[in-house]
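Written below as structure tokens is the structure these notes are about.
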Amino acid sequence: MDRTATAAPTTVSGGARTGMPLTLTLLFGRTALLLLTAGVLYALAAAGVLDPWPRPMIWLNIAIVAVDLITLAAVTRVLHREGRTLRELFAWGISDLGWSLLVLVILTVTLFATSYLANLIVYGGAPPIPPAGAQPPLWYGLWTLLIMPVTIALAEEYLYRGWAQPALTERWGRWIAWIVVALAFGAQHIALSLTSPEAAVARFLAMFLCGLVFGALYWRFRRLAPLIIAHWLLDVLFLGLPNLL
């Protein structure tokens, strides 16, 4: 497989440079939106307005798509101010189809390894098995299979690796930017485990370590297409399919 596709730009090529307050607001704003949404949904469940588990999680996974669209709109707006577009960051090449499969294998191994390590640190072994809930409706399974993987892969890769990591690298250097972006990537996943502090910490640790690998892969490929495709496939396999089986 060749690697002749155009590399995604890592510096602002024209237009206004985004200031640090806006950069950090956009970077961590997604986490704030997810935490706020999850908090409201679990508060409604505690008040008896929503059915208990897993109903709040179902509605949260629906709301995540809205947060993804907001994220994409915000990144698009900032890129426009900088004289760039989402298309420039994608930098599609036919070889990316093959490289994305390699990235998928790396990310799958990383997901299992980091989850095991995080659970070992927090629980000393396997985490508690959550109580069994009602079988999710078919429409929800299709939502998590056909829609969520697409919007999540696009929003997270454009925000974290495509825009934030290069932007912070210009200011703080490669290593600090790599760690800060991975922290933001891990922090957003806390919203998925608000009912258990231990689960929230374990999820954060696992996703922070995954974020480091995502960032390193972006360094390696210098473009987003392999990461977006692999991220999409990863969520299809481990988010969508389990809700249909």
Side-chain angles (χ1 to χ4, degrees), residues 22 24-77 111 114-115 118-119 121-123 126-160 183-208 210-211 231-232 234-245:
L22 180 57
L24 294 178
T25 298
L26 184 53
L27 177 61
F28 290 97
R30 176 178 172 87
T31 297
L33 280 175
L34 290 172
L35 289 172
L36 176 62
T37 302
V40 170
L41 290 173
Y42 282 112
L44 291 174
V49 177
L50 293 178
D51 293 335
W53 173 267
R55 193 63 58 180
M57 182 57 68
I58 289 179
W59 290 114
L60 177 59
N61 282 336
I62 294 172
I64 283 173
V65 172
V67 174
D68 292 337
L69 296 178
I70 293 171
T71 300
L72 286 170
V75 173
T76 300
R77 177 63 176 170
L111 178 63
T114 58
S115 296
N119 288 328
I121 292 173
V122 175
Y123 297 105
I129 299 176
Q135 179 68 24
L138 177 61
W139 66 264
Y140 174 71
L142 293 175
W143 178 271
T144 59
L145 178 69
L146 302 177
I147 298 178
M148 283 187 67
V150 175
T151 63
I152 289 174
L154 290 173
E156 293 184 356
E157 294 311 315
Y158 274 124
L159 172 62
Y160 294 120
L183 285 171
F185 181 74
Q188 69 169 355
H189 290 85
I190 294 174
L192 303 177
S193 303
L194 285 185
T195 57
S196 169
E198 294 83 4
V201 172
R203 191 181 292 268
F204 166 75
L205 289 175
M207 292 301 102
F208 165 67
C210 282
H231 196 154
W232 164 64
L234 191 72
D235 283 349
V236 165
L237 292 174
F238 298 109
L239 172 64
L241 286 179
N243 284 310
L244 285 176
L245 300 179

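For the atom pair Thr144 OG1 and Trp139 CH2, the distance stands at 9.5 Å (nearest 0.5 Å). With rounding to the nearest 0.5 Å, the separation of CG in Leu239 from CH2 in Trp232 is 13.5 Å.
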| query | Given the rule in the side chain to side chain contact (heavy atoms under 4.5 Å, CB included) test, do Glu156 and Arg30 qualify, once you have shown the distances and angles that lead to the verdict? | reply | CA-CA 9 Å; Glu156 293 184 356; Arg30 176 178 172 87; 3.4 Å; yes
Exercise. For Leu159 and Leu26, what are the C-alpha separation, side-chain angles and deciding distance, and is it a side chain to side chain contact (heavy atoms under 4.5 Å, CB included)?
Worked result: CA-CA 8 Å; Leu159 172 62; Leu26 184 53; 3.8 Å; yes
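Side-chain atoms of Ser193 do not come within 3.5 Å of backbone N or O of Ile190 as any donor-acceptor pair. The main-chain N or O of Ala155 is never found under 3.5 Å from a side-chain atom of Tyr160 such that the two would form a donor-acceptor pair.
Between Phe204 and Phe208, the ring planes lie parallel to each other; the angle is under 30°, not in the 30° to 60° tilted range.
Side-chain contact between Cys210 and Leu111 is present, with at least one heavy-atom pair separated by less than 4.5 Å. Leu192 has its side chain within reach of Ile64: a pair of non-hydrogen atoms, C-beta onward, lies under 4.5 Å apart. Counting only heavy atoms from C-beta outward, the side chains of Tyr140 and Asn61 approach each other to under 4.5 Å. Leu241 has its side chain within reach of Leu145: a pair of non-hydrogen atoms, C-beta onward, lies under 4.5 Å apart. In this structure, the side chains of Val65 and Met148 come closer than 4.5 Å at one or more pairs of heavy atoms.
Minimum heavy-atom separation, Ala191 to Ala38: O-CB, 3.4 Å.
Heavy atoms of other residues, nucleotides or ligands lying less than 6.0 angstrom from CD1 of Ile129 number 12 at most.
Residues forming a ring-ring contact (aromatic ring centres under 6.0 Å, His included) with Tyr158 (at least two apart in sequence, or on another chain): none. Residues satisfying the ring-ring contact (aromatic ring centres under 6.0 Å, His included) test with Phe238, not counting sequence neighbours, are Phe112. Among residues two or more places apart in sequence or in another chain, the side chain to side chain donor-acceptor pair (under 3.5 Å) test is passed with Asn119 by none.
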